[in-house]
Each structure stands twice: as structure tokens, then as C-alpha cells.
Enquirer: 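My questions all concern the structure below.
In what follows, chains are A, B, ... by sequence order, proteins preceding strands, each numbered from 1.
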Amino acid sequence: MLFDSIRTIVRNALERLGLADVEPTIELPRHESHGDAATTVALQVARRLGKPPRTIAEEIVARMDYDPSRIAAVEIAGPGFINFRFRPRYFADVFERILDRGERFGFSDRYAGKRANVEYVSANPTGPLHPGHGRNVALGDSIARLLEAVGYRVTREYYFNNAGRQMQNLARSIYARYRQLLGDTDYPFDEENGYKGEYIFDIARELIAEYGDRLRQESDEALAICRTKGEQWCFASIRRTLERLGVHHDVFFNEHSLYTDGHIERTIAALRERGLVYEKDGATWIATTKLGLEQDRVIVKSTGEPTYRLPDMAYHCIKLSRGDDLIVDVFGADHIATIQEVLAAVGALGYDTSRVKVVLHQMVTFMKDGAPYKLSKRSGEQYTLDDLIDELGPDVVRYFFVMRAAETQLVFDLDLARQQSETNPVFYLQYAHARICSVFANARQLGIELLSRDALALDRIEHPAECALIRTLAQFPDVVERAADQLAPYIVADYLHTAAEAFHTFYHECRILGAQSDDLVRVRLALADATRTVLRNGLSVLGVSAPERM
RNA sequence: GCGCCCGUAGCUCAGUGGAUCAGAGCAGCAGACUUCGGAUCUGCCGGUCGGGGGUUCGAAUCCCUCCGGGCGCGCCA
């Protein structure tokens with residue numbers, strides 16, 4: 001948006017040079033002294049033309065046709081960069097286009113008509129979400145919001161397994177606590193595999209309230225009741241936590257349905273058909289070495305039960321056959337081995353795995369009292385994601401988890417996050433938004449209305465801080481698109497800081513309601529309003545609220 | 001041992017598939033409107049981009065190698 005006119009000017013010059021096929025890249029120079037826009041197109045074509053880039057730059061500039069009331073100077077610098085300097089009129093034109101987009105500024109329809117599926121959280125119902133899950137939750141949901149911001153129709157999916165060994169352990173854990181609470185204090189608890197959290201006692205207490213001592217006679221039926229009760233309790237807990245973070249899934253996919261629907265059978269048959277399956281030591285193996293991986297893996301144990309890999313493969317076959325244009329899996333780093341096997345197998349079955357994008361985030365290290373704070377569901381620790389939200393609020397939690405690139409090992413200092421509440425990056429953004437809202441409240445009291453684009457005297461824009469703010473705002477749509485393409489919400493978080501900063505600087509240097517003329521008051525109010533839109537839309541992508549006052 | 005990720009300022013991190021003087025936040029130091037929210041703004045301090053090779057006119061960025069951290073490498077999920 002910022003460089004649309006520049007791109008046209010450069011394209012036309014290239015055309016006159018017989019280089020109509022070249023797509024010039026226009027960039028924001030790293031240093032302000034290098035102007036407002038720069039193109040490296042002369043360097044791009046230097047090799048092809050066999051001429052020094054500076055000479056080419058001169059030829060291009062000589063053939064440029066531009067409006068001197070918009071562009072102050074075109075300079076050739078260094079090895080052949082072409083730098084442009086804008087006049088305020090140029091920024092006024094850009095601002096006009098920002099205003100045209102209104103409330104939707106920053107969002108686009110670039111991928112309109114496309115469908116995306118984002119799978120995240122996918123924690124099994126064996127306990128409350130722990131803080132480490134927070135990164136997956138925040139990352140996955142922000143990615144879903146980002147994709148929506150560029151036009152995708154997004155399905156948010158949660159994959160879970162409510163059968164299998166883990167659930168048996170849960171049931172046994174609950175049953176053991178149930179018996180102990182009933183007075184059978186020597187009833188054995190499986191220290192190795194059992195879930196030790198306090199919440200198991202809570203579930204057991206609910207069972208006592210509901211059934212009294214009627215489950216005291218140990219039976220399959222009693223365990224089944226424990227299992228069902230445990231699943232319901234855990235899912236309720238998980239959903240409550242997600243709700244607090246503004247996260248809602250459209251589809252809860254039960255792994256068990258893969259068995260009842262016959263998908264497991266069909267997948268294994270299809271793999272067998274391609275000669276990728278063999279029997280050894282009583283188990284069934286997949287020959288992933290034939291697909292370029294390190295070693296073969298068991299897909300059906302000698303007991304006849306599939307390993308987790310097989311349903312994962314079947315599940316991805318289903319996801320790929322639904323017709324989504326993009327499938328995003330948000331996983332923790334511990335899934336790295338699995339995802340390779342799954343994609344290799346599914347690819348061998350003829351599915352186009354290039355539609356699957358895996359966002360693999362590294363682990364989170366929580367620091368408390370200056371030391372790593374170990375959090376494990378089975379270690380008996382009580383600290384949960386819910387506790388973290390209690391302590392820091394949903395906005396801080398969401399922001400902190402997405403503020404860094406997924407592949408960094410996030411250090412989350414619980415003490416710092418709490419203390420930081422005054423210089424917190426989240427509050428910096430929210431404060432800018434609240435401040436703008438406050439200006440509008442004052443404007444309303446003075447009877448000053450926000451004017452429509454056509455009624456604004458945009459030629460009154462001349463202050464450098466106004467131009468700098470417009471320059472920053474104009475980048476927002478590109479930032480959103482880049483973040484969506486890279487599935488990287490941190491890019492938006494980073495950008496919002498520079499946007500808020502540009503506004504605060506503008507606010508200090510330019511009086512809005514006290515500007516010299518009514519025209520200028522209106523123009524600056526419109527600038528503040530556009531900034532508010534950017535902040536609101538940007539924060540919404542991150543799932544962070546934009547309060548009107550704080 | 002093998003695979004993937006990371007190593008940039010005291011700390012946490014950017015650096016858009018190479019190119020015009022290595023950037024930001026926090027911490028530290030020094031300052032700032034008689035008026036729109038000082039949860040703000042301005043400036044300063046601070047880095048042989050983990051080490052060493054290589055490719056190039058040019059490397060934080062690409063290749064090789066070593067060192068240091070993380071996560072995996074089950075007939076657990």
C-alpha cells in the first residue's frame with residue numbers, strides 16, 4: 001500500500017527499458033537517511049544484463065516519470081540502490097487509501113474462498129491444562145485468527161483420545177483415591193503410572209457425592225464410571241480454561257471414531273497395498289525406511305492394539321481428503337519424530353502433504369523465584385494454566401505466549417510477568433488504544449465529529465510525525481499477510497509495538513484537539529482513529545482485548 | 001551415536017530465501033509539555049552477531065566443521 005505508486009513508477013521505467021518481465025522489489029530502507037522507499041531492482045538484473053548495477057540504476061532513473069509534488073527526490077546510492085523521498089502529499093494519498101478500508105483496514109480477502117483447518121490444543125482429557133499448554137493454545141488460536149484476517153474460512157479442530165492406556169490410568173487413579181477417601185487408606189495407588197494431582201481427589205469426592213460407597217465393590221463397571229466421570233470432569237476443566245482465553249473449537253475429533261468408522265483398517269490396507277507393511281516379532285511394522293526415514297516403526301503391537309502412529313496417519317488422511325486448502329498442525333517440539341513418520345506415510349498413500357503445515361513450537365521454561373519451575377501433570381504439581389490466568393490475566397497470558405517466534409525456547413518468568421505489570425508490552429499497546437479513546441471522548445464533549453474521508457483536508461498533512469505515523473500504519477496489511485503466510489503471530493505483536501510507538505510520538509509532537517485549524521483537528525482525529533483501528537484489529541488477531549480505558 | 005530447533009547488547013528477542021553503518025524492548029544513566037491520560041516522550045550507555053574455516057565484489061544471513069543449550073530417537077501418547 002505504501003509503495004503502490006512507487007512500484008508503478010519503477011515498472012513503467014523498466015518497461016521503457018525492455019524489462020517489462022521484471023518484478024521490482026520495493027523496500028523500506030533500514031535507515032531514514034536513505035529515504036522513504038528503495039528498490040534493489042538494478043542489482044537484481046545486473047547479472048542478467050552484464051552491466052554494472054549503478055549504470056543500470058542511472059538508466060532506470062532517467063526513464064522515470066513521477067509527480068514532483070509527491071516525490072521530492074530520487075537518488076542512486078551505494079552499489080545501485082534507488083532511493084525515493086516522499087513529500088507529505090504522498091503520505092496524504094496513502095492515508096486516503098487507509099481511510100477507504102475503514103474498520104477492516106489490515107484485513108484482506110486475498111485468500112477468499114479458501115478453507116483452512118487448524119488443529120491445536122488436542123490435549124487428552126486426563127487433567128487440567130498446564131501452563132505449558134498455553135503456548136500451543138495461544139499460538140494455534142492466533143494463527144487461526146490470522147488466517148481469517150487474510151480471508152480463509154477457518155475450522156478450529158481439537159483431536160483427542162478418550163480410550164487407551166492413559167484413560168485407564170486416569171480411571172484407576174480416580175478409583176484409588178475414591179477408595180482411600182472412603183477410608184480404605186491402604187488401597188494401593190499406582191505411583192508409577194497414576195495421576196497424582198489434587199484434582200483426582202476432587203473427582204473422587206464428586207463420585208462419593210453422587211454414588212456414596214456403591215462403587216466400593218471393585219469391578220469393570222466401577223472403573224468405567226470412574227473413567228467417564230474423569231473424562232467429563234477434565235474436559236469441563238479444559239473447556240473452561242479455553243473459554244477464559246477466548247478460544248473455541250469447531251470440531252472435537254475423537255480418535256476412537258477412526259476405529260468404529262473403519263479408517264484404521266482402510267489405512268493399514270492401503271499401506272499394505274503399497275508394500276509398506278510387514279510382520280515381525282508378532283507385530284505389524286511400517287517400512288518408513290523405504291520412505292527415507294531412519295528406521296521402521298511398529299504400527300500394530302503384538303497385542304493387536306495399534307500404536308498411536310496408525311490413528312495419526314488415518315486422521316491425517318481424513319483431514320487431507322476433506323478438501324481444505326491448508327491444514328495446520330500446531331505441535332510441541334516433542335512431536336518432531338511422529339510428524340515426519342505420519343507425513344511420509346500419508347504422502348506415500350498419494351495425498352498432497354504440501355497442504356499440511358506443521359508449526360512446531362519449542363518448549364516453555366517457566367521461572368519462578370529465580371529457578372526453573374517444573375510442571376508436570378503426573379508429578380503432583382498443582383500449578384495449572386488456569387492459575388497462570390488468575391495471576392496475570394488472559395491478555396498478558398496470550399500475549400506472552402505469542403510474542404516470540406515459535407522455534408525459540410520461550411523463557412517465561414512468572415515473577416517478572418507479574419511485576420512487569422507497569423512496563424508490560426501488552427499494557428503499552430492497550431494504553432495507546434485507551435488514550436485514543438480518551439481523545440475521542442474529549443472530542444465528543446467539545447462537539448467535534450469525525451469527518452468522512454471526502455470532507456477531510458488531507459493537504460493539511462505536513463508534520464514529520466504525521467507522515468511517520470502514516471508510514472507505519474500503511475505497513476499493517478503487509479504485516480498481517482506476512483504473518484499469515486509464515487504462520488507467525490509474533491510478527492504482528494512486534495509490529496503493534498512500533499505502531500503504538502509511532503502514535504505516542506505523534507501524540508507528543510502534534511496536538512490533536514488543540515491544533516491550529518479546525519481542518520487540522522479533523523485530519524489528526526482521523527489519523528488517531530486509523531491508529532485505533534490498527535491497534536484494535538492487530539490485538540484481535542492476537543486474541544488480546546483493546547480496552548477503552550484502563 | 002542419529003534427527004530437528006536454538007546460540008545476536010547485562011536479560012528477553014527482531015533482523016522479511018545475501019547487498020546502502022548490526023536493531024528493539026527490559027534493566028542502567030540523563031532529560032521533557034502551564035493545555036488532549038507521565039502506564040507517555042527524547043537522548044545516552046551497551047555487541048570481535050558462540051569459535052574456526054570456505055564460497056563471493058559483499059555473509060548475522062549460504063556451505064563445512066567444532067563447541068554449548070533444548071526436544072525427540074519405545075510393541076508410551
Enquirer: Checking contacts here: which listed nucleotide (rA77(B), rA32(B), rU16(B)) is nearest the side-chain heavy atoms of Arg482(A)?
Expert: rU16(B)
Enquirer: In whole angstrom, give the distance that lies between atom CZ of Phe440(A) and atom P of rC36(B).
Expert: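 For the pair Phe440(A) CZ and rC36(B) P, the rounded distance is 17 Å.
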Enquirer: Quick one: does Thr303(A) reach the base of rC75(B) with a side-chain donor-acceptor pair under 3.5 Å?
Expert: no
Enquirer: Between the base of rA39(B) and the side chain of Tyr431(A), is there a donor-acceptor distance below 3.5 Å?
Expert: no
Enquirer: Where is the tightest heavy-atom contact between Ser173(A) and Ile200(A), given as atom of each residue plus distance?
Expert: O-CG2, 3.6 Å
Enquirer: Quick one: Tyr399(A) OH to rU12(B) C1', roughly how many Å, whole number?
Expert: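 Result: 12 Å.
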Enquirer: OP1 or OP2 of rG37(B) less than 4.0 angstrom from a side-chain nitrogen or oxygen of Asn442(A), does that happen here?
Expert: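 Answer yes for this pair, as a side-chain N or O of Asn442(A) is under 4.0 Å from OP1 or OP2.
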Enquirer: Using the C1' atom as the point on both nucleotides, what is the distance between rA60(B) and rG15(B), in whole Å?
Expert: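 That atom pair is separated by 8 Å.
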Enquirer: What integer distance in Å separates His508(A):NE2 from rA39(B):P?
Expert: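 These atoms are roughly 10 Å apart.
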Enquirer: Examine distances only and state if a side-chain atom of Thr39(A) and a backbone atom of Thr25(A) form a donor-acceptor pair shorter than 3.5 Å.
Expert: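 Yes; at least one donor-acceptor contact below 3.5 Å.
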Enquirer: Both Leu43(A) and Glu255(A) contact RNA chain B. Taking the nearest nucleotide for each, which residue is further toward the 5' end?
Expert: Leu43(A)
Enquirer: Look only at the side chain of Ser517(A) and the backbone of Leu520(A), and say whether a donor-acceptor pair between them is shorter than 3.5 Å.
Expert: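 Such a contact is found between Ser517(A) side chain and Leu520(A) backbone.
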Enquirer: Below 3.5 Å, can you tabulate the donor-acceptor pairs from side chains in residues 490-500 of chain A to any protein atom, sequence neighbours excluded?
Expert:
{"unit_1": "Tyr495(A)", "atom_1": "OH", "unit_2": "Thr472(A)", "atom_2": "O", "d": "2.7"}
{"unit_1": "Thr498(A)", "atom_1": "OG1", "unit_2": "Tyr495(A)", "atom_2": "O", "d": "2.7"}

Enquirer: Taking Watson-Crick (N1-N3 plus N6-O4 or O6-N4) and G-U wobble (N1-O2, O6-N3), each under 3.5 Å, can you produce the dot-bracket string of RNA chain B? Use [ ] for crossing pairs and | for inter-strand ones.
Expert: (((((((..((((.........)))).(((((.......))))).....(((((.......))))))))))))....
Enquirer: Who are the ring-ring contact (aromatic ring centres under 6.0 Å, His included) partners of Phe86(A), not counting sequence neighbours?
Expert: Tyr90(A), Phe91(A)
Enquirer: Ignoring backbone atoms, test whether Tyr490(A) places a side-chain nitrogen or oxygen under 4.0 Å from the OP1 or OP2 oxygen of rG25(B).
Expert: no
Enquirer: Just call it for His497(A): base, sugar-phosphate, or nothing, with non-hydrogen atoms closer than 4.0 Å on any strand.
Expert: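 Sugar-phosphate: the residue His497(A), judged by heavy atoms under 4.0 Å, touches backbone atoms but no base.
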Enquirer: Whole-Å distance between rA77(B) P and Tyr195(A) OH?
Expert: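 For the pair Tyr195(A) OH and rA77(B) P, the rounded distance is 11 Å.
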Enquirer: Between rC33(B) and rC49(B), how far apart are the two P atoms, rounded to whole Å?
Expert: 41 Å
Enquirer: With heavy atoms under 4.0 Å as the rule, sort Met550(A) into base, sugar-phosphate or nothing.
Expert: base
Enquirer: By the 4.0 Å heavy-atom rule, please label Cys437(A) as base, sugar-phosphate, or nothing.
Expert: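 Nothing, no nucleic acid heavy atom in range.
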Enquirer: Determine, using ring centers only, whether His263(A) and Tyr315(A) are less than 6.0 Å apart.
Expert: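 No; His263(A) has its ring centre 6.0 Å or more from that of Tyr315(A).
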Enquirer: Under 4.0 Å, heavy atoms only, any strand: does Ala337(A) hit a base, just the sugar-phosphate, or nothing?
Expert: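 If one applies the 4.0 Å heavy-atom cut-off, Ala337(A) turns out to touch the sugar-phosphate alone, with no base involved.
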Enquirer: What residues form a ring-ring contact (aromatic ring centres under 6.0 Å, His included) with His335(A), not counting sequence neighbours?
Expert: Phe331(A)
Enquirer: Quick one: Arg165(A) CZ to rC75(B) P, roughly how many Å, whole number?
Expert: 12 Å
Enquirer: Quick one: which of rA14(B), rA39(B), rG25(B) gets closest to the side chain of Glu501(A)?
Expert: rG25(B)
Enquirer: Take the protein atom CG of Asp494(A) and the nucleotide atom P of rA24(B), then report the distance between them rounded to whole Å.
Expert: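 Atom-to-atom, Asp494(A) to rA24(B), this comes out as 13 Å.
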Enquirer: Can you tell which of rU20(B), rC76(B), rG37(B) lies closest to the side chain of Arg435(A)?
Expert: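 Output: rG37(B).
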Enquirer: Which nucleotide, rC76(B), rG37(B), rG74(B), lies nearest any side-chain atom of Gln295(A)?
Expert: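 Selected nucleotide (nearest to the side chain): rG74(B).
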Enquirer: Does the side chain of Tyr507(A) get closer than 4.0 angstrom to OP1 or OP2 of rU42(B) through an N or O atom?
Expert: no
Enquirer: Check every strand shown and say whether Thr505(A) touches a base, only sugar-phosphate, or nothing at a heavy-atom separation below 4.0 Å.
Expert: sugar-phosphate
Enquirer: In whole Å, I'd like the distance from the OH atom of Tyr159(A) to the C1' atom of rA77(B).
Expert: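 Distance check: Tyr159(A) OH to rA77(B) C1' gives 10 Å.
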Enquirer: Starting at the 5' end of RNA chain B and moving along, which residue's nearest nucleotide shows up first, Lys280(A) or Arg549(A)?
Expert: Arg549(A)
Enquirer: Using a 4.5 Å cut-off on heavy atoms from C-beta on, say whether the side chain of Glu305(A) contacts that of Arg165(A).
Expert: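 Result no, sub-4.5 Å side-chain heavy-atom pair not found.
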Enquirer: Which value, in whole Å, describes the distance between the P atoms of nucleotides rG10(B) and rG17(B)?
Expert: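 To the nearest whole Å, 28 Å.
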Enquirer: Base, sugar-phosphate alone, or nothing: which one does Ala38(A) contact when heavy atoms must sit under 4.0 Å apart?
Expert: base
Enquirer: If you look at every strand shown and take non-hydrogen atoms under 4.0 Å, does Ala432(A) touch a base, only sugar-phosphate, or nothing?
Expert: nothing
Enquirer: Whole Å only: how far is the NE2 atom of His433(A) from the P atom of rA39(B)?
Expert: 18 Å
Enquirer: Which pairs, protein N/O on one side and nucleotides 4-7 of chain B N/O on the other, fall under 3.5 Å?
Expert:
{"unit_1": "rC5(B)", "atom_1": "O2'", "unit_2": "Glu407(A)", "atom_2": "O", "d": "2.9"}

Enquirer: Scan Asp312(A) against the nucleic acid and name what it touches under 4.0 Å (heavy atoms): base, sugar-phosphate only, or nothing.
Expert: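 Contact class for Asp312(A): none.
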Enquirer: Suppose you measure atom C1' in rU56(B) against the same atom in rA9(B); what distance do you get, rounded to whole Å?
Expert: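 Per the computed distance, 29 Å lies between those C1' atoms.
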Enquirer: With a 3.5 Å distance limit and no angle check, can you tell me whether Asn124(A) reaches the backbone of Asn161(A) through a side-chain donor-acceptor pair?
Expert: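 Yes, the answer is positive, given that a donor and an acceptor are paired below the 3.5 Å cut-off.
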Enquirer: Considering residues at least two apart in sequence or located in another chain, which fulfil the side-chain hydrogen bond (donor to acceptor under 3.5 Å, both in side chains) criterion with Tyr259(A)?
Expert: none
Enquirer: Give me the distance, rounded to whole Å, that separates rC21(B) from rC64(B) when you measure between the P atoms they each carry.
Expert: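 Roughly 30 Å separates the two P atoms.
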Enquirer: Taking the C1' atom in each of rG69(B) and rA77(B), what is the distance between them to the nearest angstrom?
Expert: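 Roughly 26 Å separates the two C1' atoms.
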Enquirer: Between rA22(B) and rG3(B), how far is it from one P atom to the other, in whole Å?
Expert: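 Their P atoms lie roughly 35 Å apart.
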Enquirer: Consider the side chain of Val298(A), meaning its heavy atoms from C-beta on, and name the nucleotide among rG15(B), rU20(B), rC75(B) that approaches it most closely.
Expert: rC75(B)
Enquirer: Can you tell which of rG74(B), rU12(B), rU35(B) lies closest to the side chain of Arg511(A)?
Expert: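 Output: rU35(B).
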Enquirer: Taking atom P in both rG68(B) and rG74(B), compute the distance separating them and give it to the nearest angstrom.
Expert: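 24 Å, rounded to whole Å.
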Enquirer: Determine whether a donor-acceptor pair (N or O, by modelled atom type, separation under 3.5 Å) exists between the side chain of Thr505(A) and the backbone of Glu501(A).
Expert: yes
Enquirer: Flag the pair Phe506(A) / His463(A) as yes when their ring centroid distance falls below 6.0 Å, and as no otherwise.
Expert: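 Centroid separation for Phe506(A) and His463(A): 6.0 Å or greater.
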Enquirer: Can you name the closest pair of heavy atoms from Leu535(A) and His433(A) and give their distance?
Expert: CD1-N, 3.7 Å
Enquirer: Side-chain N or O of Lys301(A) versus OP1/OP2 of rC76(B): is the shortest distance under 4.0 Å?
Expert: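 Yes.
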